[in-house]
Amino acid sequence: MEEMGSEKRRLVVIGGGIAGSLLAKSLQFHADVTFIDPKEYFEITWANLRTMVEPSFGERSVINHRDYYTNGRIVTSTAIGITETEVLTADDFSFPYDYLVIATGHRDPVPKTRMERLKEYQAENEKIKSAQSVLIVGGGPTGVELAGEISADFPEKHVTLVHSGSRLLEFIGPKASDKALQWLTSKRVDVKLEQRVDLNSVTESNGSKIYHTTAGESIRADCHFLCTGKPLGSGWLEGTILKSNLDSRGRLMVDEYLRVKGRKNIFAIGDITDVPEIKQGYLAQKHALVAAGNLKVLMAGGKERKMSSYKPGSTTAIVSLGRRDAVAQFPYTTLIGIVPGMIKSRDLFVGKTRKQRGLQPH
């Protein structure tokens, strides 16, 4: 905005993940911003798995909100309610808004402070280092990337990956799935498809754990990592004025401007939206920039026709395989190896993401 009259408009942003953090940072000097998040930091989530094998990586990928968001209010709490005029938090405070942005993504129970989060990564690293064998449950991007990181950094460890689907990486095409499977197999990762692991029936034997699958197999491993999908962070909206704006999958339905359908002053961005595209971090950041631009127009009293439409992203996706390689799906081709690895795997876009928030890349 700029300002209307002498006062800035009140903007409340709920959620401090990839999308919410960038939007709050982008509008901190254009509105009176209240930024609500249950944790004190923003995390570059696609760097999580590298941080598990190299905890010092987290020094750059786990960032206190105040490091990049210097001019607004931070409320370290959970939003539990929305009325037509204010947001309610778990500690019984209410925050009035003229404009509201919901960016609560997926539910992921993480510690409140950056230091506690870094300690978690240190503990995960110790768990990997002390194990001779590791079981990974889930063959989506998280499970595949974790298997890649462990097999690249600790090639002496025996890694087993169990996935309930008929192929890995079901969110992208079968060519990429096949290439990822070939790569993991070449690194001696034992991949078991169309099986589930019953984590409630784990037994102990000679210091190792025995895990049982639905196919009747027994897997010996010293530890396991659960890499299945996380639920959307939208359940709390069912008790708010936006309950009728949720689709059958719990996503907020938005218009082409990323406003919640039927609402002139409430936007939703990131994974919580029903935008028909693969849910990926770089697209969540695009949501944030489009919504921020549209909010500037509205807060300055501009006409709706001056707002920008969001165009859903393409089928492009890059999944890291260790530190050098990656499998990449582009609209017209699928690649694996060092070339796509050069795009993502070395730095995992951490430097670029930090620069986007006005921070030094290193």
Any side-chain to backbone donor/acceptor pair from [X] onto [Y]? Under 3.5 Å, distance only.
X    : Y    : answer
R117 : G58  : no
T78  : A90  : no
T160 : L135 : no
N245 : K261 : yes
S94  : L88  : no
N294 : Y257 : yes
R323 : R50  : no
K344 : A328 : no
Y41  : R66  : no
N71  : Q28  : yes

Roughly how far, to the nearest 0.5 Å, is [atom2] of [Y] from [atom1] of [X]?
X    : Y    : atom1 : atom2 : value
Q285 : L283 : CD    : CG    : 9.5 Å
Y97  : E86  : OH    : CD    : 9.0 Å
Y211 : S133 : OH    : OG    : 8.5 Å
I102 : I82  : CD1   : CD1   : 3.5 Å
W183 : D325 : CH2   : CG    : 6.0 Å
L348 : I44  : CG    : CD1   : 9.5 Å

If you look at every heavy atom in [X] and [Y], which pair is closest and at what distance?
X    : Y    : result
A79  : I14  : CB-CG2, 3.6 Å
A47  : S61  : CB-CB, 3.8 Å
K157 : A131 : NZ-O, 2.6 Å
I272 : G233 : CD1-O, 3.7 Å
R188 : H158 : O-ND1, 4.4 Å
S77  : T89  : OG-CB, 3.6 Å

Considering residues, nucleotides and ligands other than [X], do more than 12 of their heavy atoms fall under 6.0 Å from its [atom1]?
X    : atom1 : answer
D198 : CG    : yes
F330 : CZ    : yes
R346 : CZ    : no
E156 : CD    : yes
K39  : NZ    : yes
Q132 : CD    : no

Assigning hydrophobic clusters by single linkage (Ile, Leu, Val, Met, Phe, Trp, Tyr; side-chain heavy-atom cutoff under 4.5 Å), is [X] placed with [Y]?
X    : Y    : result
I172 : W46  : no
L23  : V75  : no
V350 : M52  : no
I266 : M253 : no
V297 : V13  : yes

Looking at [X] and [Y], does any basic side-chain N land under 4.0 Å from a carboxylate oxygen?
X    : Y    : answer
D178 : R167 : no
R60  : D347 : yes
K192 : D190 : yes
K311 : E277 : no
R10  : D98  : yes

- request: Please lay out, stage by stage, how D153 and I128 fare under the test side chain to side chain contact (heavy atoms under 4.5 Å, CB included).
  value: CA-CA 10 Å; D153 275 33; I128 293 169; over 6 Å; no
Would you say the side chain of [Y] lies within less than 4.5 Å of the side chain of [X], judging by non-hydrogen atoms?
X    : Y    : value
H212 : T203 : yes
V327 : P340 : no
L246 : L242 : no
Q329 : K175 : no
L295 : V101 : yes
T273 : F267 : no
V144 : L321 : yes
R263 : I241 : yes

- request: I would like to know whether V254 and V275 meet side chain to side chain contact (heavy atoms under 4.5 Å, CB included); could you show each step before the answer?
  value: CA-CA 7 Å; V254 294; V275 176; 3.8 Å; yes
task: Report the C-alpha distance between S26 and L289 in whole Å, list the side-chain angles of each, state the deciding distance to 0.1 Å, and finish with yes or no for side chain to side chain contact (heavy atoms under 4.5 Å, CB included).
output: CA-CA 8 Å; S26 301; L289 296 175; 4.1 Å; yes
Side chain to side chain contact (heavy atoms under 4.5 Å, CB included) between L27 and F35, intermediate numbers included: CA-CA 11 Å; L27 293 178; F35 186 21; over 6 Å; no
field: Name of the residue among V12, T34, I36, V33 meeting side-chain contact (heavy atoms from CB on, under 4.5 Å) with R73
entry: T34
query: Taking R114 as the fixed residue, which of E59, E43, E40 is the one that meets the side chain to side chain donor-acceptor pair (under 3.5 Å) rule?
result: E59
- prompt: Regarding Y121 and N48, is there a side-chain donor-to-acceptor distance under 3.5 Å anywhere?
  reply: yes
- request: Indicate whether the side chain of T113 and that of E116 have a donor and an acceptor atom separated by less than 3.5 Å.
  value: yes
field: Parallel, tilted or perpendicular: rings of F95 and F93 (30°, 60°)
entry: tilted
task: Find out whether the Lys NZ or Arg CZ of K127 is both under 6.0 angstrom from the six-membered ring centre of F225 and within 45° of the ring's axis.
output: yes
message: Quick check with a 6.0 Å cut-off and a 45 degree axis cone: is R357 positioned over the face of F42's six-membered ring?
response: yes
